[in-house]
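Worksheet for the structure shown next.
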Amino acid sequence: DFCFQVLNLNKMPPQKDFEGFKNLFHRFLQVKGPSVEWIKIQRPPEDSIQPFDKIAARGLPDNVADSLNKLVVVKLNGGLGTSMGCKGPKSLISVRNENTFLDLTVQQIEHLNKTYNTDVPLVLMNSFNTDEDTKKILQKYTHHRVKIHTFNQSRYPRINKESLLPVSTNLSMNGQNTEGWYPPGHGDIYASFYNSGLLDQLIVQGKEYIFVSNIDNLGATVDLHILHHLVSQPNGKRCEFIMEVTDKTRADVKGGTLIQYDGKLRLLEIAQVPKAHVDEFKSVSKFKIFNTNNLWISLAAIKRLQEQKAMDLEIIVNPKTLDGGQNVVQLETAVGAAIKCFDNALGINVPRSRFLPVKTTSDLLLVMSNLYSLEAGSLTMSPKREFPTTPHVKLGSSFTKVQEYVNRFESIPDMLELDHLTVSGDVTFGKNVSLKGTVIIIANHGDRIDIPAGSMLENKIVSGNLRIMDH
């Protein structure tokens, strides 16, 4: 317990956080070697991952409202917009027609509640990084037909990589200690949700399942077919956990995958793979699907597993370097890793359209473009697009920050017939540009390329220097 005596316990984050970190840290000290033995990994049995079409083919019952009234939508809202050059919660970044991720989520659920006359609430899992800003903004939804609840993820101390002692000297979050704390990954949802009292409150209200997803996945809308599948199982065979997976493409080599291990479905993350097998893990031939992190989970089962202390999640050791150059580790867990703890767990192989994450401005360009139409908070691929795949877009470092990105496009180009776009260097786009096929635009160091308003580029490589000045 030497690690904990360094911190003055009187001002610790809530006692439950302390307990949680203590357990995680003790497990971290005891774990020797990789958490999986490669030779024991098997492909999941055929019936353990069902195609979405098979689930949807059963149709919907007349009383969709009854199923919806058993549902709670949970969005993981702990992340900041720093990777996209934004301050504050990522969920408050505008993604489409001035709507933020959070706006779109509220619109989707409100549309459901109005259409079916139901009461599906929204729960946000915030972190200490996002809680204050999120709560301020929630006031704007008071007259929307969605009840919104929040609870906070734990706050754990970062530990020095060498000494394994906490980086913080006391429990405050100010000054030098700002970097001493972290939210321990979304696997923390089970304990934090349970400890907040909200889980019990929702069970009392007759709620049975949560649909959990990342708030930046614009494809994660409530699917009535999956919900019907959950609530229509006979009692003895009640499915307690569904993970939505989708087919891997070359762009998804790092996503976690489902395996059979010790007779149970299990999530295998790249962080758990021994170095010698990383290439095999990334291959599309052996591991054909990956986890979208859209999960449907039984509330009663979470309560049972928490009370039995039977939630066993693999530890992800996340190394970080602080601003001052100090090497630390963060001990984290992943929400999907709990799949092995639940009864009758199932994977459903869903269409790619249910996985539309916005992690970079390249993703943002896609969702802001005419490739997608927006209706009631949901984005759908435009029927005018001839083929269902999304174009591959790579914007260079001049576009990384949202503000820079916005300044470089006078309007978002027409991308309905685009396959591939690579942009590198100091490049700007005029109004009403149209991009088709494969377009590569490269401005070398010191050069600048202004794509003129109204240009149509089809299967073109543009390089060199092209300046357009006002006369």
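FYI, the numbering just counts along the sequence from 1.
Aromatic ring centres of Tyr190 and Tyr194 lie farther apart than the 6.0 Å criterion allows.
Counting heavy atoms of neighbouring residues, nucleotides and ligands inside a 6.0 Å radius, atom NE2 of His111 does not exceed 12 of them. Atom NZ of Lys340 sits in a crowded spot, with more than 12 heavy atoms from other residues, nucleotides or ligands closer than 6.0 Å. In this structure, Glu132 places its CD atom where only 12 or fewer heavy-atom neighbours from other residues, nucleotides or ligands lie under 6.0 Å away. Within 6.0 Å of atom NZ in Lys248, more than 12 heavy atoms from other residues, nucleotides or ligands are found, so the atom counts as buried in its surroundings. Under a cut-off of 6.0 angstrom, the local environment of CD1 in Ile461 is sparse, with at most 12 non-hydrogen atoms contributed by other residues, nucleotides or ligands.
In this structure, the side chains of Ile449 and Val462 come closer than 4.5 Å at one or more pairs of heavy atoms. Tyr182 has its side chain within reach of Glu332: a pair of non-hydrogen atoms, C-beta onward, lies under 4.5 Å apart. Counting heavy atoms from C-beta outward, Ser213 and Lys75 have side chains that approach closer than 4.5 Å. Residues Ile242 and Tyr209 fail the side-chain proximity criterion, which asks for heavy atoms closer than 4.5 Å. Using a 4.5 Å heavy-atom cutoff, the side chains of Val433 and Glu410 are not in contact. The side-chain heavy atoms of Phe52 and Pro351, taken from C-beta on, include a pair separated by under 4.5 Å. Between Val106 and Ile148 there is a side-chain heavy-atom pair separated by less than 4.5 Å.
Partners of Lys288 according to the salt bridge (Lys or Arg N to Asp or Glu O under 4.0 Å) rule, which considers only residues two or more places apart in sequence or in another chain, do not exist here.
Between Leu122 and the options Thr105, Val74, Leu138, a side-chain contact (heavy atoms from CB on, under 4.5 Å) holds for only Thr105.
Between Tyr141 and His144, the ring-plane angle classifies as perpendicular under the 30° and 60° cut-offs. Aromatic ring orientation, Phe409 versus Phe429: parallel (interplanar angle below 30°, classes split at 30° and 60°). The aromatic rings of Phe193 and Phe151 sit parallel to each other, their planes meeting at less than 30°, with 60° as the upper class boundary. Under the 30°/60° scheme for interplanar angles, the aromatic rings of Trp296 and Phe211 are found to lie parallel.
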Test log, rule salt bridge (Lys or Arg N to Asp or Glu O under 4.0 Å), inputs Lys140 and Asp103 = CA-CA 10 Å; Lys140 79 184 228 193; Asp103 291 335; 3.0 Å; yes
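Screening residues 350-377 for salt bridge (charged side-chain N to carboxylate O under 4.0 Å, His left out) gives Asp216-Lys359, Glu244-Arg354, Asp252-Arg352 as the qualifying pairs, with residues at least two apart or on separate chains.
Side chains of Asn126 and Asn152: a donor-acceptor N/O pair is absent below 3.5 angstrom, by distance only. Side chain to side chain, Asn117 and Arg145 meet the donor-acceptor criterion of an N or O pair below 3.5 Å. Between Asn217 and Thr292, the side chains place no donor N or O within less than 3.5 Å of an acceptor N or O (distance only, hydrogens not considered).
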Please tabulate, for side-chain N and O atoms in residues 199-207, each donor-acceptor pair with protein atoms closer than 3.5 Å (sequence neighbours left out).
residue	atom	partner	partner atom	Å
Asp200	OD1	Lys303	NZ	2.8
Lys207	NZ	Asn69	O	3.0
Lys207	NZ	Asp119	O	2.8

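Here the straight-line distance linking atom OG1 of Thr115 with atom CD of Glu110 works out to 10.0 Å at 0.5 Å rounding. Rounding to the nearest 0.5 Å places CG of Leu102 at 6.0 Å from CG of Leu124. Atoms CD and CG, from Glu179 and Leu322 in turn, are 4.5 Å apart once rounded to the nearest 0.5 Å.
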